[in-house]
Peer 1: 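I'd like to ask some things about the structure below.
Residue numbers start from 1 in every chain, and the chains themselves are labelled A, B, ... in the order their sequence lines are given, proteins ahead of strands.
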Amino acid sequence: MPTESSQPLPEYNPAKIEPRWLEVWEKKRYFYHAPKVKKDDLDKVYNLFAFAYPSGSGLHVGHVESKTALDIITRFQRMNGKKVLFPVGWDAFGLPAENYAIKTGVPPAETTKKAINTFRRQIKRIGISYNWDHEIATSHSGYYKWTQWLFLKLYQAGLAYKAKGTVNWCPSCQTVLANEQVVDGLCERCDTRVIQKELDQWYFKITSYRDELISGLDQVDWPEATKRQQLNWIGRKQGVEIVYPVMDESNNLIGEVACFTTRPDTNFGATFVVLAPEHPLAVKLAKDNKEVASYLDQAKKKTELERQQEGRKKSGVFTGLYAVNRLTERKMPIWVADFVLGHFGTGAVVGVPAHDRRDFEFVQFVNQHHPDKKIEVIRVVIGPDGKLGKVKSADDVYEAKVGKLTNSGRFDNLEVEEAIEAIGRYLEKKGWGKLATTYKLRDWLISRQRYWGAPIPIVYDPEGNPHPVKEEHLPWLLPTDVDFKPTGESPLKSSKEFIERTERLYGKGWRPEFDTMDTFVDSSWYYLRYVSPRDESVFAAKELLSKWLPVDFYMIGPEHIVLHLLYSRFFTKFLRDQGYLKFDEPFLKMRHQGMILGPDGKKMSKSKGNVINPDEVVDKFGADTLRVYEMFMGPIEADKPWDVRAVMGVYKFLGRVYRLILSSPDQKFSSQQVLSWQRKLHQTIKKVTEDIPQLKFNTAIAALMEFVKLWESQTKVDQVEKKETLPLNDLYSFVKLLAPFAPFLAEELFNELKSQGLKVDLDSVHFASWPSYDQKLIQNQEINLPVQINGKLRAKFSLPADKVKDKDWIVNQVKQLEKMNRWLKNKEIKKVVYVPGRVLNLVVS
RNA sequence: GCCGAGAUGGCGGAAUUGGUAGACGCGUAGGUCUCAAAAACCUAUUCCCUUUUUGGGAGUGAGGGUUCGACUCCCUCUCUCGGCACCA
């Protein structure tokens with residue numbers, strides 16, 4: 001019967017389809033440039049992907065997931081008439097390129113360039129529709145010029161300062177390590193014990209924004225868990241700073257010591273005070289107290305690992321001084337111990353052993369090793385169980401904030417929560433303390449003794465005083481004549497050119513700062529640069545900033561939750577205060593993509609041999625299959641294992657779509673079939689349209705599959721009356737639905753439809769407008785109503801859609817059903833619950 | 001220890017946010033085609049009982065509760081995964 005179609009259809013062959021369209025898109029530079037927007041344009045959308053480090057191993061399937069997700073959203077929004085900024089860039093400075101240089105001698109600039117080229121090729125191959133004209137790389141001098149400018153702005157504002165600080169140091173690699181590079185006290189690269197070293201370092205004063213970094217979270221649509229992690233990191237705590245007079249052995253008043261506590265309610269049970277080794281009073285005492293001096297020395301020498309191995313084992317030394325608890329008139333011995341941290345609170349802690357485990361453990365240590373200096377344990381809170389027993393072991397320590405006070409004079413019998421208030425106020429009234437707030441957040445150490453980063457734009461005069469590099473000397477270029485071999489010194493020290501340049505520009509005897517900046521500095525303002533990446537006069541064009549920023553949607557891995565986001569928000573607030581930005585928060589809405597695990601359900605790693613290479617998947621099945629499979633795996637935010645065989649299922653699905661469209665002119669249907677085909681189509685349009693903005697790509701794809709399934713089954717029904725073909729315009733709608741997910745196949749099928757006679761004046765389906773659905777058409781004419789007896793499903797009753805609101809009619813009809821006899825015979829219907837179209841529940845007795 | 005997320009068939013996961021649990025895909029079994037295999041297509045597929053169909057019972061980590069009705073809400077517990085961790 002078929003005539004022209006007796007030729008076999010061409011097979012779905014992505015290897016032919018995809019390169020062809022890629023070439024066309026590249027040639028025509030589709031979406032290369034961000035669209036033009038007017039100020040306050042409500043149609044603008046800024047979609048941001050957390051730019052990646054261009055590692056030598058190339059694109060990872062995890063990259064593909066988040067890039068594809070954002071690409072789908074972007075294409076969907078474009079088809080819905082939005083103007084979208086969708087840029088791409090490279091977090092190109094960083095350790096791996098430098099380590100590679102140390103090993104091989106190949107300069108990081110070269111390695112990085114090569115890696116970027118690989119990434120760019122791979123990303124284009126999977127059809128991500130980035131605005132390539134806006135591409136940036138943080139290692140490019142046109143970019144880091146502005147990173148340095150930002151440093152200078154902070155410097156001028158007094159928010160960049162130099163101070164001595166303790167840093168992680170790997171004696172084998174001879175370099176400073178970031179906290180993240182220390183794993184269980186060992187260097188992540190060579191497993192050498194990391195030690196603490198005092199170095200003169202540059203810091204950014206992020207702490208001056210700590211309160212706004214908390215309150216600003218109310219303005220953004222981020223996952224609650226993410227917000228909470230930020231809050232924990234900032235770690236704001238309300239409490240009381242109690243000031244105790246300090247006396248020597250012979251009761252001479254010699255000063256005072258302040259202790260921060262969140263539990264002033266327990267202060268009647270305070271029996272000692274502990275200073276951190278860094279506490280000024282401890283340092284002062286060390287001058288003429290040998291025991292204290294040697295303890296401080298030991299504490300300083302301790303490595304991270306040793307501290308961790310010791311666990312919670314306490315140590316300490318008595319200072320010979322006492323603090324007076326004015327609530328009880330008790331003389332509390334003052335000790336120095338390294339379990340107290342110098343940088344939290346006041347660096348001194350008041351010990352309440354009955355109600356703080358660590359305090360109790362310390363008392364155990366003292367009472368065991370210094371029996372002549374025994375410290376008393378006094379219970380001042382009775383738990384709800386009414387137990388008033390002695391606190392004899394660590395398990396008896398009562399830390400919960402529930403219970404009533406005892407042994408606390410006039411405050412006895414108050415509930416803990418009340419007592420916190422009351423005693424706090426009392427201390428304040430007496431002038432013995434004041435309400436105080438402490439934070440865990442510390443200033444941001446940005447110095448790195450590394451080569452592959454942006455040089456800190458500071459020069460030192462012959463006396464060693466720092467001066468900012470003049471703005472006209474930016475970019476303060478990273479020298480190239482350096483020795484990469486680690487020597488324990490900053491690699492830039494080996495550059496003759498760098499020193500000569502400094503002397504030429506600033507005078508004889510002047511020296512440049514040899515450290516570079518933490519790469520987090522580069523990566524915490526890049527979203528601003530995207531609007532005008534080639535502008536040499538400003539970090540980001542003001543007019544464009546006001547049009548595009550803030551970022552509307554940010555897709556970022558959960559590993560960046562704390563640092564990157566905190567730093568970015570800090571920079572945003574700083575630049576706002578400097579008058580450059582007009583918004584408070586850089587990222588309005590944010591979501592995280594999960595991790596793609598190996599087929600074994602474990603994190604992919606070369607050593608486990610479970611790495612899936614996206615290039616190989618594309619070679620075998622094509623980019624569309626890779627994209628659709630990754631989106632189909634499951635919810636975007638979940639961790640999901642790769643299933644080699646499930647990829648085939650997606651490939652088959654795309655092949656079916658291909659064949660259905662190509663053979664559609666030969667498919668004949670009854671008008672009834674066409675109608676139900678259209679109904680399903682419109683239901684699918686609705687589902688996909690609603691799912692994409694919610695990032696529910698897996699269910700959107702499932703809906704497309706369901707539609708294709710129905711279509712296929714219809715072609716197989718042998719009916720007598722079959723003379724209609726599917727309307728080209730409806731086929732077009734379906735291809736549009738497919739376009740964000742499988743852009744190559746959709747483009748191919750769009751062209752096919754044109755050759756079948758579709759009249760559209762467009763070069764690409766990706767410029768088409770998104771299909772809309774007909775609400776009336778969606779309604780099924782027949783409704784299959786579940787009928788429950790006492791909440792258990794007993795029958796299904798199918799009724800015409802126009803009867804759906806007629807409860808009485810339905811109940812009557814259902815009662816007549818023969819099936820119902822069994823359940824309703826000799827029973828009384830006590831209650832009828834009817835949710836229109838959803839369920840009918842008869843409650844019988 | 002603290003904070004957070006989670007637990008649904010053999011597997012990945014759906015479920016209109018309190019209304020038919022298991023959509024969609026994988027896998028498996030049987031079938032069509034084939035000399036055979038692969039591919040493709042069709043059918044079945046939560047478990048148990050009954051069984052010719054019909055039918056019945058159980059069932060969303062465990063236990064309890066609220067409700068006409070609970071994967072969904074509340075309480076208790078177990079386990080898994082992330083983050084922080086001597087932070088006063």
Peer 1: Figure out the CE/C1' separation between A:M705 and B:G13, and round it to whole Å.
Peer 2: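 Rounding to the nearest Å, CE of A:M705 and C1' of B:G13 are 12 Å apart.
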Peer 1: Just call it for A:K696: base, sugar-phosphate, or nothing, with non-hydrogen atoms closer than 4.0 Å on any strand.
Peer 2: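 Sugar-phosphate contact only.
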Peer 1: Would you kindly check if the NZ (Lys) or CZ (Arg) of A:K314 is within the cone defined by 45 degrees around the ring axis of A:F362 and under 6.0 Å from the six-membered ring centre?
Peer 2: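 No cation-pi geometry.
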Peer 1: Locate the shortest heavy-atom distance separating A:F365 from A:W335; write the atom from each residue and the value.
Peer 2: CE2-CZ3, 4.3 Å
Peer 1: Holding to side-chain contact (heavy atoms from CB on, under 4.5 Å), I want the full list of residues that pass it with A:E421, two or more places apart in sequence or in another chain.
Peer 2: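 A:R425.
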Peer 1: Among the candidates B:G19, B:A21, B:C86, find the nucleotide nearest to the side-chain atoms of A:D338.
Peer 2: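 Out of B:G19, B:A21, B:C86, the nucleotide with an atom closest to A:D338's side chain is B:C86.
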Peer 1: Using atom C1' in both nucleotides, what's the gap between B:U46 and B:C73 to the nearest angstrom?
Peer 2: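 Nearest-Å result for B:U46 against B:C73 at atom C1': 26 Å.
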Peer 1: Taking any heavy-atom pair under 4.0 Å as a contact, classify A:K796: base, sugar-phosphate, or nothing.
Peer 2: base
Peer 1: Hey, mind stepping through A:M555 and A:Q593 against side chain to side chain contact (heavy atoms under 4.5 Å, CB included) and telling me if it holds?
Peer 2: CA-CA 7 Å; A:M555 188 91 187; A:Q593 81 273 7; 3.5 Å; yes
Peer 1: To the nearest angstrom, how far is A:W233 atom CH2 from B:G82 atom C1'?
Peer 2: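 That distance rounds to 15 Å.
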Peer 1: What is the minimum heavy-atom distance between A:A258 and A:A348, and which atoms define it?
Peer 2: O-CB, 3.5 Å
Peer 1: At 4.0 Å (heavy atoms only), tell me whether A:A702 reaches a base, stays on the sugar-phosphate, or touches nothing.
Peer 2: base
Peer 1: B:U28 and B:A38: how far apart are their P atoms, nearest whole angstrom?
Peer 2: 11 Å
Peer 1: Anti or syn, where syn is a glycosidic angle within 90° of 0; which label fits B:U72?
Peer 2: anti
Peer 1: Taking the P atom of each, how far is B:A44 from B:C26, in whole Å?
Peer 2: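 One P to the other, the span is 15 Å.
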Peer 1: Between A:K687 and B:A23, is there a side-chain N or O to OP1/OP2 distance below 4.0 Å?
Peer 2: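 No.
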Peer 1: Passes side chain to side chain donor-acceptor pair (under 3.5 Å), A:Q714 versus A:S676? Steps please.
Peer 2: CA-CA 10 Å; A:Q714 284 191 336; A:S676 63; 2.9 Å; yes
Peer 1: Is it true that A:R236 and A:D211 make a salt bridge, defined as a side-chain N closer than 4.0 Å to a carboxylate O?
Peer 2: yes
Peer 1: Could you work out the separation of B:G9 and B:C24 based on their C1' atoms and round it to a whole Å?
Peer 2: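 Taking atom C1' in both B:G9 and B:C24, they lie 15 Å apart.
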Peer 1: I'd like to know if the side chain of A:Y834 and the backbone of A:G837 have a donor-acceptor N/O pair within less than 3.5 Å.
Peer 2: yes
Peer 1: Hey, is the side chain of A:K640 poking within less than 4.0 Å of OP1 or OP2 on B:G13, counting only N and O atoms?
Peer 2: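 It does not, given that no N or O in the side chain of A:K640 lies less than 4.0 Å from OP1 or OP2 of B:G13.
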Peer 1: With syn defined as a glycosidic angle within 90° of 0 and anti as the rest, where does B:G57 land?
Peer 2: anti
Peer 1: How far, in whole Å, is B:A58 from B:A7 if one measures between their P atoms?
Peer 2: 25 Å
Peer 1: Considering every strand and a 4.0 Å limit on heavy-atom distances, what is the contact class for A:V274: base, sugar-phosphate, or nothing?
Peer 2: nothing
Peer 1: Walk me through it: do A:D221 and A:R591 pass the test salt bridge (charged side-chain N to carboxylate O under 4.0 Å, His left out)?
Peer 2: CA-CA 9 Å; A:D221 172 10; A:R591 293 293 181 268; 3.1 Å; yes
Peer 1: Just the table, please: protein N/O against nucleotides 51-56 of chain B N/O, every pair under 3.5 Å.
Peer 2:
from  : atom 1 : to     : atom 2 : distance (Å)
B:G55 : O2'    : A:R822 : NH1    : 3.4

Peer 1: Taking all non-hydrogen atoms of both residues, which atom of A:A700 and which atom of A:V688 are closest, and how far apart?
Peer 2: O-CG2, 3.9 Å
Peer 1: Do you know the tightest heavy-atom contact between A:A742 and A:L654?
Peer 2: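 Closest heavy-atom pair between A:A742 and A:L654: CB-CD2, 4.4 Å.
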Peer 1: So which of A:D806, A:L840, A:V787 actually passes side-chain contact (heavy atoms from CB on, under 4.5 Å) with A:V811?
Peer 2: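 Single side-chain contact (heavy atoms from CB on, under 4.5 Å) partner of A:V811 among A:D806, A:L840, A:V787: A:L840.
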Peer 1: Flag the pair A:K687 and A:E706 as a salt bridge only when some basic side-chain nitrogen lies within less than 4.0 angstrom of an acidic carboxylate oxygen.
Peer 2: no
Peer 1: Taking atom P of B:U16 as reference, at what distance in whole Å does atom CZ of A:R838 sit?
Peer 2: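 Value for this atom pair: 9 Å.
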Peer 1: Send over the distance from A:E706 CD to B:A15 P, rounded to a whole Å.
Peer 2: 12 Å
Peer 1: Identify, between A:A276 and A:A638, the residue whose nearest nucleotide on RNA chain B lies closer to the 5' end.
Peer 2: A:A638
Peer 1: Using the C1' atom on both, measure B:G27 against B:U16 and round to a whole Å.
Peer 2: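 Here B:G27 and B:U16 have their C1' atoms 29 Å from each other.
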Peer 1: In terms of the angle between their ring planes, are A:W711 and A:F707 parallel, tilted or perpendicular, with boundaries placed at 30° and 60°?
Peer 2: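 Tilted: the ring planes of A:W711 and A:F707 meet at 30° to 60°.
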Peer 1: Hey, are A:D338 and A:K313 close enough for a salt bridge, meaning a charged N less than 4.0 Å from a carboxylate O?
Peer 2: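 Salt bridge: no.
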Peer 1: When you compare the protein's N or O atoms with those of nucleotides 2-7 of chain B, which come within less than 3.5 Å of each other, and at what distance?
Peer 2:
from : atom 1 : to     : atom 2 : distance (Å)
B:C3 : O2'    : A:N232 : ND2    : 3.3
B:G4 : OP1    : A:R228 : NH1    : 3.0

Peer 1: Remember a base hit wins even if backbone is also touched, and classify A:G235 as base, sugar-phosphate or nothing at under 4.0 Å, heavy atoms.
Peer 2: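 Here A:G235 touches no strand at all.
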Peer 1: Can you check the distance between B:C68 and B:C49, where both ends of the measurement are the C1' atom (answer in whole Å)?
Peer 2: 29 Å
Peer 1: List every contact pair, protein side and nucleotides 37-43 of chain B side both N or O, where the distance is under 3.5 Å.
Peer 2:
from  : atom 1 : to     : atom 2 : distance (Å)
B:C41 : O3'    : A:K716 : NZ     : 3.0
B:C42 : OP1    : A:K716 : NZ     : 2.9

Peer 1: Nearest to the A:P635 side chain among B:C86, B:G13, B:G25, which nucleotide is it?
Peer 2: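 Per side-chain heavy atoms of A:P635, the pick is B:G13.
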Peer 1: Under a 3.5 Å cutoff on both atom distances, Watson-Crick or G-U, what's the dot-bracket for RNA chain B ([ ] crossing, | other strand)?
Peer 2: (((((((..(((......[....)))((((((.......))))))((((.....))))..(((((..]....))))))))))))....
Peer 1: If you measure from the Lys or Arg side-chain nitrogens to the Asp or Glu carboxylate oxygens, is any gap between A:E224 and A:K227 under 4.0 Å?
Peer 2: yes
Peer 1: Can you tell if the side chain of A:R627 reaches within under 4.5 Å of the side chain of A:I72, non-hydrogen atoms only?
Peer 2: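 Yes. Closest side-chain heavy atoms under 4.5 Å.
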Peer 1: Could you please name the option among B:C84, B:U20, B:C26 that lies closest to any side-chain atom of A:R645?
Peer 2: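 The answer is B:C26.
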Peer 1: Given B:C24, B:C84, B:A14, identify the nucleotide with an atom nearest to the side chain of A:K440.
Peer 2: B:C84
Peer 1: Report yes if a side-chain nitrogen or oxygen of A:N698 is closer than 4.0 Å to either non-bridging phosphate oxygen (OP1 or OP2) of B:G12; otherwise report no.
Peer 2: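 A:N698 to B:G12 OP1/OP2: no side-chain N or O under 4.0 Å.
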Peer 1: Grab the CG-P distance between A:L341 and B:C84 for me, whole Å please.
Peer 2: 16 Å
Peer 1: How long is the line joining CG of A:L704 and C1' of B:G25, in whole Å?
Peer 2: 13 Å
Peer 1: Given the C1' atoms of B:C79 and B:U66, what is the spacing between them in whole Å?
Peer 2: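 That atom pair is separated by 26 Å.
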Peer 1: Taking 4.0 angstrom as the limit, do A:R263 and A:E399 come out as a salt bridge?
Peer 2: no
Peer 1: For the residue pair A:I206 and A:W444, what are the closest heavy atoms and their distance?
Peer 2: CG2-N, 4.1 Å
Peer 1: For a quick check, with a 4.0 angstrom heavy-atom cut-off, what is the B/S/- contact string for nucleotides 67-80 of chain B, read 5' to 3'?
Peer 2: -BS-----------
